[in-house]
Amino acid sequence: MGANNGKYGSEGKGSSSISSDVSSSTDHTPTKALRNVATSEDSDLSMRTLSTPSPALICPQNLHSFQNGRGSSTSSSSITGETVAIVHSPPPTRLTHPLIRLASKHQKEQANIDRLPDQCIIQIFSYLPTNQLCRCARVCRRWYNLAWDPRLWRTIRLTGETLSVDRALKVLTRRLCQDTPNVCLMLETVIVSGCRRLTDRGLYTIAQCCPELRRLEVSNCYNISNEAVFDVVSLCPNLEHLDVSGCSKVTCISLTREASIKLSPMHGKQISIRYLDMTDCFVLEDEGLHTIAAHCTQLTHLYLRRCIRITDEGLRYIMIYCATIKELSVSDCRFVSDFGMREIAKLESRLRYLSIAHCGRITDVGIRYIAKYCSKLRYLNARGCEGITDHGVEYLAKNCTKLKSLDIGKCPLVSDIGLEFLALNCFNLKRLSLKSCESITGQGLQIVAANCFDLQMLNVQDCEVSVDALRFVKRHCKRCIIEHTNPAFF
């Protein structure tokens, strides 16, 4: 692409010289012309200064396949929208025969797009996916500077197990700090998911250069530690969204000691995080959860899936400090029991989402606590809680009448009686999962379909349900998608 810069009017001199050499050659041998092509490309590369590194510097050679993947599908709807920073390597240089590249009279004229003002080109760039934006940065010097306009880089997203993320973040932040030395004031979101080569050094770069950071996702980055996370939350006071799921070395979220000393007593040593995902942080214990709750008192979304060392005591700490939680997940936390449900019930009407899937120690007693105090609950996932019976479903249906999504799959003690209570009380139910509920029959499904007209998803896989019952559901709930294992129904 670098050799064709003259096409866009910014580097037209190189293209003109190539054509003149071709036309003046008497023996029509390509040797001299090819040498001129290479010289033209070298002169084009020399136009870049050290302060504006090429996008190709921060990505390995094996990211061409990303054009058809996730990166290429993300585009921004406006200048302030999201531009995903998946930077790829340049395409291989192809030297074609100079006779094929004869210069026409139109190449000497300025291209129409070069007549547009900078603001219009930036607006056009804002609609491009990242791979195309980075290609545009390699067209000419003007496009390179416009493609790196900070307004196009509110979000950086890097993916790939082999990507040198630490170096990529260093190059990106250095380029974005060109107008405001050492500070990226426009950067608000950094998503670095599944990058195994990310280390504490990369997070420290973010902490130092991105004081306006509001969202950070480093899921499945196994090499980051508590110290790096502490640096980020201490130096980025506006951070609201933090995803460290799968980071097995992270055991706590807190301020650094230096930050705690500098804060005034009125600040209270609090962190402004509202969304925290610590799924698969296997070493997280109750004491770490205590520290998190004491520092992150503004939490509204907390996900602790498969934090297998968490107990009812840890949930008690959460309820003491974090009274504004709306969504909570303790799925697969095998030590959470009915006593933990009693603590969660203290959230009362603020709780809208609760996931307690595969918490085998929870029974109807715990469900009764939730049903009694959390009347505005919208979503409940209790899959695999084998201690729940029709009585628990009855308490839930009569008190949480605004329930929209319920998963009671693999609860063998729930039968058609429980479904009847649901159908007669929860008219707004949209999603219902009864997978592997052995006591469910077609009669119970018909009662649900006759009362819950807005049902959109029904999972009855591995249930003994007749084809007639499934057809009855389809007739009454026309928008319902039925997931089943009955080969006779289609």
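Values reported hereafter were calculated over all heavy atoms of this structure, with side chains retained and with hydrogens, waters and symmetry mates removed. The first residue of the sequence shown is numbered 1, and numbering continues consecutively from there. All values reported here derive from a predicted model rather than from experimental measurement.
Remark: K404 pairs with no residue by the salt bridge (Lys or Arg N to Asp or Glu O under 4.0 Å) rule, at least two apart or across chains. Among residues two or more places apart in sequence or in another chain, the side chain to side chain contact (heavy atoms under 4.5 Å, CB included) test is passed with I447 by E420, A423, N451. Remark: R196 pairs with E161 by the salt bridge (Lys or Arg N to Asp or Glu O under 4.0 Å) rule, at least two apart or across chains. Partners of K474 by salt bridge (Lys or Arg N to Asp or Glu O under 4.0 Å), not counting sequence neighbours: none found. Contacts of F230 classified as side chain to side chain contact (heavy atoms under 4.5 Å, CB included), with partners at least two apart in sequence or in another chain: N226, C252, S254, T256. Evaluation of the side chain to side chain contact (heavy atoms under 4.5 Å, CB included) rule for S248 yields no partner, not counting sequence neighbours. By the salt bridge (Lys or Arg N to Asp or Glu O under 4.0 Å) test, E313 pairs with R316, sequence neighbours left out. Taking K402 as the reference, R378 meet the side chain to side chain contact (heavy atoms under 4.5 Å, CB included) condition, with sequence neighbours excluded.
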For residues 201-208, dump all side-chain donor-acceptor pairs below 3.5 Å to protein atoms at least two apart in sequence or in another chain.
from	atom 1	to	atom 2	distance (Å)
Y204	OH	Q208	NE2	2.7
T205	OG1	R201	O	3.1

I'd like a table of donor-acceptor pairs (distance under 3.5 Å, sequence neighbours excluded) in which one partner is a side-chain atom from residues 458-466, with atom names and distances.
from	atom 1	to	atom 2	distance (Å)
N459	OD1	Q461	N	3.1
N459	ND2	E483	OE1	3.3
S466	OG	A469	N	3.3

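Residue pairs satisfying the ring-ring contact (aromatic ring centres under 6.0 Å, His included) criterion with at least one member in residues 399-447, sequence neighbours excluded, are absent. Residues in residues 357-410 take part in these ring-ring contact (aromatic ring centres under 6.0 Å, His included) pairs, two or more places apart or across chains: Y353-Y379.
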